[in-house]
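Here the structure comes first, spelled out in structure tokens, and everything after it is commentary.
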Amino acid sequence: QETGAEPLVVNSFELVVAYYRDLGARSVTALNLLVRPERFDAALRALGEAARRGRDWASFAGAEGDEYVVRRRLVDEFARDVPADLWDAAVAVELGSVTAAALSPTDELLAVCLTGARARPWRSLVWIADAATILHVSGGAIDWPRLVDRATRLRATLRLRDALAFLRTELDAPIPESVVSELERIPV
């Protein structure tokens with residue numbers, strides 16, 4: 001925070017606190033922070049300085065084996081500029097005694113779908129539970145036009161379409177058919 005990096009907690013503890021609402025309901029292996037890209041280097045320097053002063057919370061590997069990750073992109077494969085309005089739409093979450101900023105439900109759903117619904121050597125199905133939980137808890141707070149616009153700007157419409165279609169078909173998730181149809185019409 002002191003560097004002006006304005007960290008957002010993404011794909012980690014905010015899911016447990018804001019959506020699952022039960023610390024035992026979902027395992028989290030790392031604290032993931034998204035920082036403003038232009039402040040990335042300053043944030044890394046601040047973490048290094050704090051670690052040298054013995055502040056375990058700022059080190060990249062904590063004494064208990066905890067992992068801390070600082071990111072400059074929302075999703076690595078879609079290396080477009082991070083939309084500045086992610087911070088404008090951020091919501092506050094309580095992580096223990098600290099109030100932190102996290103993605104809005106719309107941006108959280110996008111991040112979960114894009115990072116989880118991808119082919120990789122080790123498969124994880126956690127993204128499905130995360131997406132379903134976000135949809136359930138947000139209770140209609142998903143801004144569908146924003147979601148489509150964000151995916152279009154990231155050039156991630158194909159992956160998002162497949163993820164949403166899967167959730168809609170297999171879990172009967174409350175995803176409007178019009179959103180999936182709109183994503184299908186966007187050239188890739």
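Small disclaimer: the values here were computed from a predicted structure and weren't measured.
- In terms of heavy atoms, Cys113 sits closest to Leu167 at SG-CD1, 4.2 Å.
- For the pair Leu33 and Val10, the minimum side-chain heavy-atom distance is 4.5 Å or more.
- Salt-bridge annotation for Arg168 and Glu177: present, with a side-chain N of the basic residue lying under 4.0 Å from a carboxylate O of the acidic one.
- Between the CH2 atom of Trp127 and the CD1 atom of Ile134 there is a distance of 11.0 Å, given to the nearest 0.5 Å.
- At least one side-chain heavy atom of Val148 sits less than 4.5 Å from a side-chain heavy atom of Ile186.
- Salt bridge status for Arg45 with Asp41: absent, with no side-chain N to carboxylate O gap under 4.0 Å.
- Residues Leu23 and Leu95 share a hydrophobic cluster, clusters being chains of Ile/Leu/Val/Met/Phe/Trp/Tyr side chains in contact below 4.5 Å.
- Between Thr157 and Glu182, the closest side-chain pair of non-hydrogen atoms is not below 4.5 Å.
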Checklist entry - What do the steps show when you test Phe166 against Ile128 for side chain to side chain contact (heavy atoms under 4.5 Å, CB included), and what is the final call? => result CA-CA 9 Å; Phe166 173 83; Ile128 299 168; 3.6 Å; yes

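- When all heavy atoms are compared, the tightest approach of Ala30 to Ser12 is O-CB, 3.0 Å.
- In terms of heavy-atom proximity, Tyr19 sits nearest to Pro105 at OH-CA, 3.2 Å.
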Item to check | Leu110 vs Leu154, side chain to side chain contact (heavy atoms under 4.5 Å, CB included): CA-CA, chis, key distance, verdict | outcome: CA-CA 11 Å; Leu110 177 72; Leu154 288 171; 4.0 Å; yes

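- The two residues Leu160 and Leu147 come nearest to each other via the heavy atoms CD2-CG, 3.9 Å.
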Item to check | Verdict with supporting geometry, Leu15 and Thr133, side chain to side chain contact (heavy atoms under 4.5 Å, CB included) | outcome: CA-CA 9 Å; Leu15 290 167; Thr133 303; over 6 Å; no

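- Panel note: side chain Trp144, backbone Pro176; no donor-acceptor pair is recorded below 3.5 Å.
- Under the 3.5 Å distance criterion, the side-chain polar atoms of Arg159 are matched with a main-chain donor or acceptor of Leu114.
- With Leu109 as reference, Ile142 is the one residue of Leu103, Asp130, Ile175, Ile142 to meet the side-chain contact (heavy atoms from CB on, under 4.5 Å) rule.
- Separating the NE2 atom in His136 from the OH atom in Tyr20 is a distance of 11.5 Å, to the nearest 0.5 Å.
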Next on the checklist: With side chain to side chain contact (heavy atoms under 4.5 Å, CB included) as the criterion, how do Glu108 and Asn11 come out once you've worked through the C-alpha distance, each side chain's angles and the decisive distance to 0.1 Å?
Outcome noted: CA-CA 8 Å; Glu108 193 76 66; Asn11 284 332; 3.9 Å; yes

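- When all heavy atoms of Ala173 and Leu135 are compared, the closest pair comes out as CB-CD1, 3.9 Å.
- Salt-bridge check for Arg150 with Asp85: passed, with a basic side-chain N closer than 4.0 Å to an acidic carboxylate O.
- For Asp88, the CG atom is densely surrounded, since the number of other residues' heavy atoms within 6.0 Å is greater than 12.
- Leu171 and Leu125 fall within a single hydrophobic cluster, where Ile, Leu, Val, Met, Phe, Trp and Tyr are joined by side-chain heavy atoms under 4.5 Å apart, directly or via other members.
- A distance of 11.0 Å separates CZ in Phe40 from OG1 in Thr3, rounded to the nearest 0.5 Å.
- Across every non-hydrogen atom of Ala18 and Val93, the tightest pair is CB-CG1, 3.9 Å.
- The hydrophobic clustering, which links ILVMFWY residues whose side-chain heavy atoms are closer than 4.5 Å, places Val9 and Val28 together.
- Note that CG of Leu74 and OG1 of Thr115 are 8.0 Å apart. Values are rounded to the nearest 0.5 Å.
- Taken from OG in Ser138 to CG in Asp143, the straight-line distance is 11.5 Å, to the nearest 0.5 Å.
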